[in-house]
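So that the names make sense, note that chain A is the first sequence line, chain B the second, and so on, each numbered from 1. All heavy atoms count here, side chains included; hydrogens, waters and symmetry mates do not.
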Number of protein chains: 2
Amino acid sequence: MRQKITLKHIARELDVSISTVSKALKNSEEISRDTKEKIQAFAKLYNYKPNNIAISLKNKRTKNIGVIIPEIVHHFFTTVFRGIEKYANKQGYNVVVCISDESFDKEVINMEMLANGSIDGFIMSLSAETQLKNDYNHLKEVTEQGIPLVLFDRVTNEIQCDKVVINDREGAYLAVQKLLKSGRRKIALVTTEDYFSVSRERTQGYLSALRDNGIAIDGNLILKLPYMDVQEEDIDSFFDGNEVDAVLCVNEIFAIHCMRLVQKKGLRIPEDISFIGFTDGILSKYATPRLTSVAQHGEEMGQIAAKMLIEKVESEEEVEVYRTEIIESTLIERESTIN
Amino acid sequence: MRQKITLKHIARELDVSISTVSKALKNSEEISRDTKEKIQAFAKLYNYKPNNIAISLKNKRTKNIGVIIPEIVHHFFTTVFRGIEKYANKQGYNVVVCISDESFDKEVINMEMLANGSIDGFIMSLSAETQLKNDYNHLKEVTEQGIPLVLFDRVTNEIQCDKVVINDREGAYLAVQKLLKSGRRKIALVTTEDYFSVSRERTQGYLSALRDNGIAIDGNLILKLPYMDVQEEDIDSFFDGNEVDAVLCVNEIFAIHCMRLVQKKGLRIPEDISFIGFTDGILSKYATPRLTSVAQHGEEMGQIAAKMLIEKVESEEEVEVYRTEIIESTLIERESTIN
DNA sequence: TTGTATGCGTTATCAG
DNA sequence: CTGATAACGCATACAA
């Protein structure tokens with residue numbers, strides 16, 4: 001087993017000083033051609049690579065970025081992560097990922113673990129529990145220490161930092177417009193509890209689209225489902241109790257569930273009832289019928305978040321100005337709606 | 001902005017030496033109660049946390065593990081990652097993820113980036129291109145440097161290291177058995193090119209199940225699809241050209257595609273034709289009909305991989321014995337098959 | 001009980 | 001052109 005070789009080894013072997021080796025390997029003008037060649041050849045032969053940890057300690061820069069997301073087995077977060085990783089990698093950064101598992105405590109623990117020198121900045125999306133508790137002290141801690149932070153998708157106004165979100169309200173608005181234009185009038189909304197920032201926004205979009213079109217809002221047509229562990233009975237009784245000709249769901253899982261049950265009841269999609277979902281993940285593409293969906297542009301979101309973060313990390317001056325990037329959402333029309 | 005505080009700061013502030021502070025914070029017996037209390041109180045007040053990088057440099061242990069996977073927007077890898085992250089986190093390790101994007105070059109670059117001190121060991125699944133080229137020098141490099149490596153799912157015999165795979169052959173065998181037991185005789189296999197280790201194994205299982213049951217093997221019933229960018233026409237003509245009453249697909253995407261087309265042709269699933277897929281991801285669960293599937297137990301696989309790796313990382317003696325853990329695959333029966 | 005010195009691997013400054 | 005030294009933050013063997 002060939003041990004990792006260090007500057008010291010090379011220096012000893014070639015009978016020069018460590019600093020000479022260091023300079024030679026950086027092709028410094030200070031060092032004579034002969035010496036450089038000798039050292040470089042030796043280094044190459046033994047496959048010398050500088051130790052990242054030592055460099056990090058010296059530079060106080062790790063070239064690592066920390067990503068904390070609520071869940072990874074979830075298409076949207078996965079695409080965002082992809083965008084982050086792609087951009088970060090191109091800039092020579094590595095990505096360390098922690099999953100908060102929608103838990104406040106894990107989110108806090110993970111942040112603290114990483115905040116002690118392991119990373120140069122954070123990209124994160126808030127856990128459900130954090131949003132519910134509305135407690136953001138761990139984020140404050142971190143930003144006060146001067147560690148850059150970029151929040152995406154699930155964000156909060158309580159924290160001053162860069163953010164990137166999609167225009168959720170607009171997305172919902174567009175979706176409802178689309179449904180109205182195709183003649184639908186009894187449009188239901190299937191959403192989560194209000195403490196999710198995205199659900200709130202989407203609900204707003206839904207409501208204002210109806211309002212702008214002079215449609216009375218019927219509270220009975222809004223179904224709130226738990227974020228996890230959807231009970232089919234809840235959906236079932238909702239559709240039994242209401243006459244509905246179109247449904248907007250705040251995520252694709254809800255949409256798939258609803259479509260299945262509604263089809264079981266003998267309704268045809270989209271002839272009898274239209275469906276539009278959010279997220280536009282793999283389920284939307286492969287559902288039967290294929291689901292019309294508001295795309296969240298996860299990968300783009302990730303790239304932008306990474307770009308914002310790295311800019312902050314690499315900017316010398318402590319700029320105290322924070323941006324919120326809003327990505328326009330777009331409607332991907334498929335088979336679950338009519339024109 | 002409160003800067004990160006170090007031992008040196010505390011020492012200076014309290015007019016003691018750095019080592020006294022260091023020991024006091026470790027509650028060393030050497031230090032007097034008074035001094036300890038004073039130092040600990042001060043440290044707590046200023047929220048002192050040791051710098052991970054410095055500790056890594058000192059200990060030559062980063063408490064980071066590197067994960068290199070071909071793709072993250074893919075349910076199986078995502079569940080494996082979940083398992084890795086869960087276990088690693090519990091043991092105080094962080095996970096840095098790189099995506100090879102099925103590219104040999106990216107795999108190599110990522111490994112080299114991480115092998116220079118950033119991580120204590122690797123967990124990886126080979127990229128498609130790597131398997132195609134059959135070139136594993138980058139893995140050899142790393143293992144020769146004494147960096148522990150665990151391969152999962154997409155593995156190779158060329159490298160001596162710990163491995164964890166599912167019993168793909170057995171899984172396929174069981175699936176075919178199931179189909180035979182329900183009276184099916186014209187069983188098709190939809191697979192990828194041979195250079196994927198998993199496809200090879202699954203094909204073996206398919207063939208031996210047929211053989212063991214005295215069914216003649218019909219090469220026409222084996223459809224090889226490209227791993228990416230499936231062309232629906234290929235599937236279409238396959239089903240037009242062959243009479244088939246059951247299909248085993250080596251992944252769920254293939255299965256979904258086939259089911260959709262077959263249904264379009266007017267066949268009923270499972271009455272006319274049965275389907276079994278591999279992976280058992282989100283698509284299998286939400287397909288119509290729900291897809292019977294060979295579960296790959298991704299999370300378990302990830303946990304085991306992480307456990308194996310951390311054991312190696314933490315074992316002092318250089319044990320030159322490598323294990324291959326084989327996880328039994330199980331058949332999840334749903335609506336796409338009959339009894 | 002406390003402090004000094006040394007080292008982890010690297011780079012930068014300054015002296016020779 | 002080359003090398004000694006200090007520093008990054010921490011831990012520890014050893015000295016006082």
Side-chain angles (χ1 to χ4, degrees), chain A residues 3-40 42-43 46-64 92 114-120 145-147, chain B residues 3-40 42-43 46-64 113-120 145-147:
Chain A
Q3 255 300 337
K4 268 250 117 193
I5 194 176
T6 70
L7 290 185
K8 196 200 274 194
H9 294 130
I10 304 184
R12 201 185 302 138
E13 215 62 36
L14 262 39
D15 213 44
V16 290
S17 77
I18 293 179
S19 42
T20 302
V21 178
S22 175
K23 287 171 187 163
L25 292 178
K26 297 200 119 47
N27 229 325
S28 159
E29 291 303 324
E30 289 184 32
I31 308 295
S32 75
R33 222 164 56 88
D34 272 14
T35 320
K36 279 201 289 197
E37 277 173 5
K38 186 178 62 175
I39 292 176
Q40 289 173 359
F42 188 92
Y46 285 91
N47 192 30
Y48 168 80
K49 293 279 164 47
N51 179 311
N52 286 332
I53 298 292
I55 293 180
S56 294
L57 183 59
K58 183 117 249 290
N59 297 346
K60 292 158 153 276
R61 281 280 171 80
T62 62
K63 285 271 189 176
N64 283 163
L114 296 182
N116 305 131
S118 299
I119 51 91
D120 295 339
Q145 279 176 36
I147 303 179
Chain B
Q3 254 301 335
K4 269 256 113 188
I5 194 175
T6 70
L7 289 186
K8 196 200 275 192
H9 293 130
I10 304 183
R12 201 185 302 138
E13 214 63 35
L14 261 39
D15 212 44
V16 290
S17 79
I18 293 178
S19 51
T20 303
V21 178
S22 175
K23 288 170 186 164
L25 292 177
K26 297 201 117 47
N27 230 325
S28 159
E29 292 303 322
E30 290 183 30
I31 309 295
S32 74
R33 222 163 56 87
D34 273 14
T35 320
K36 279 200 288 197
E37 278 174 4
K38 188 179 60 176
I39 292 176
Q40 288 173 0
F42 189 91
Y46 285 92
N47 192 29
Y48 169 80
K49 292 277 167 46
N51 179 309
N52 286 332
I53 298 291
I55 292 180
S56 294
L57 184 59
K58 180 122 251 291
N59 298 345
K60 293 157 153 276
R61 282 280 172 78
T62 62
K63 285 270 187 180
N64 282 163
M113 253 184 110
L114 296 182
N116 305 129
S118 300
I119 50 92
D120 295 338
Q145 277 177 38
I147 303 179

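One atom, CG of A:N52, and another, C1' of C:dT11, lie 15 Å apart when rounded to the nearest Å. Look at CD1 on A:I5: it is 13 Å from C1' on C:dG9, rounded to the nearest Å. A straight line from CG of A:L57 to C1' of D:dG9 spans 6 Å, rounded to a whole angstrom. For the pair B:E30 CD and D:dA11 C1', the interatomic distance rounds to 12 Å; values are reported in whole Å. The nearest whole Å value for the distance from the CG atom in A:L7 to the P atom in D:dT5 is 18 Å. In this entry the distance linking NZ of A:K4 with C1' of C:dG9 reads 12 Å, nearest Å. If you take NZ of A:K26 and P of C:dA12, they are 7 Å apart, rounded to a whole angstrom. Rounded to an integer number of Å, the gap from A:R61 CZ to D:dC8 P is 17 Å.
In this structure the side chain of A:I53 reaches within 4.5 angstrom of the side chain of B:T62, judged on heavy atoms. Residues B:N47 and B:I5 fail the side-chain proximity criterion, which asks for heavy atoms closer than 4.5 Å. Within the 4.5 Å cutoff, no side-chain heavy atoms of A:T6 are placed close to those of A:N51. The shortest distance between side-chain heavy atoms of B:I147 and B:I119 falls below 4.5 Å.
Taking the nucleotide of DNA chain C with the nearest heavy atom to each of B:N59 and B:I18, the more 5' of the two is matched to B:I18.
If you check D:dG9, C:dC8, D:dT2 against the side chain of B:K60, the one that comes closest is C:dC8. Comparing C:dT10, D:dT2, D:dA11 against the side chain of A:N51 picks out C:dT10 as the nearest. Considering only side-chain atoms of A:S19, the nucleotide from C:dA12, D:dA11, C:dG3 that sits closest is C:dA12.
At a cut-off of 3.5 angstrom, the base of D:dA11 holds no donor-acceptor pair with the side chain of B:S22.
Nucleic acid contact for A:S32: sugar-phosphate only, since backbone atoms but no base atoms lie under 4.0 Å from a heavy atom of the residue. Contacts of A:T6 with the nucleic acid, taken as non-hydrogen atoms under 4.0 Å apart, involve only primed sugar atoms and P, OP1 or OP2. Residue contacts shown for B:T35 are limited to sugar-phosphate atoms, with no base heavy atom under 4.0 Å away. The residue B:K23 sits close to a base: some heavy atom pair falls under 4.0 Å. If you check every strand for non-hydrogen atoms under 4.0 Å, A:K58 touches a base.
For A:S17, a side-chain nitrogen or oxygen approaches OP1 or OP2 of D:dG3 to under 4.0 Å.
With hydrogens and angles ignored, the 3.5 Å screen pairs no side-chain donor or acceptor of B:K4 with any backbone N or O of A:N116.
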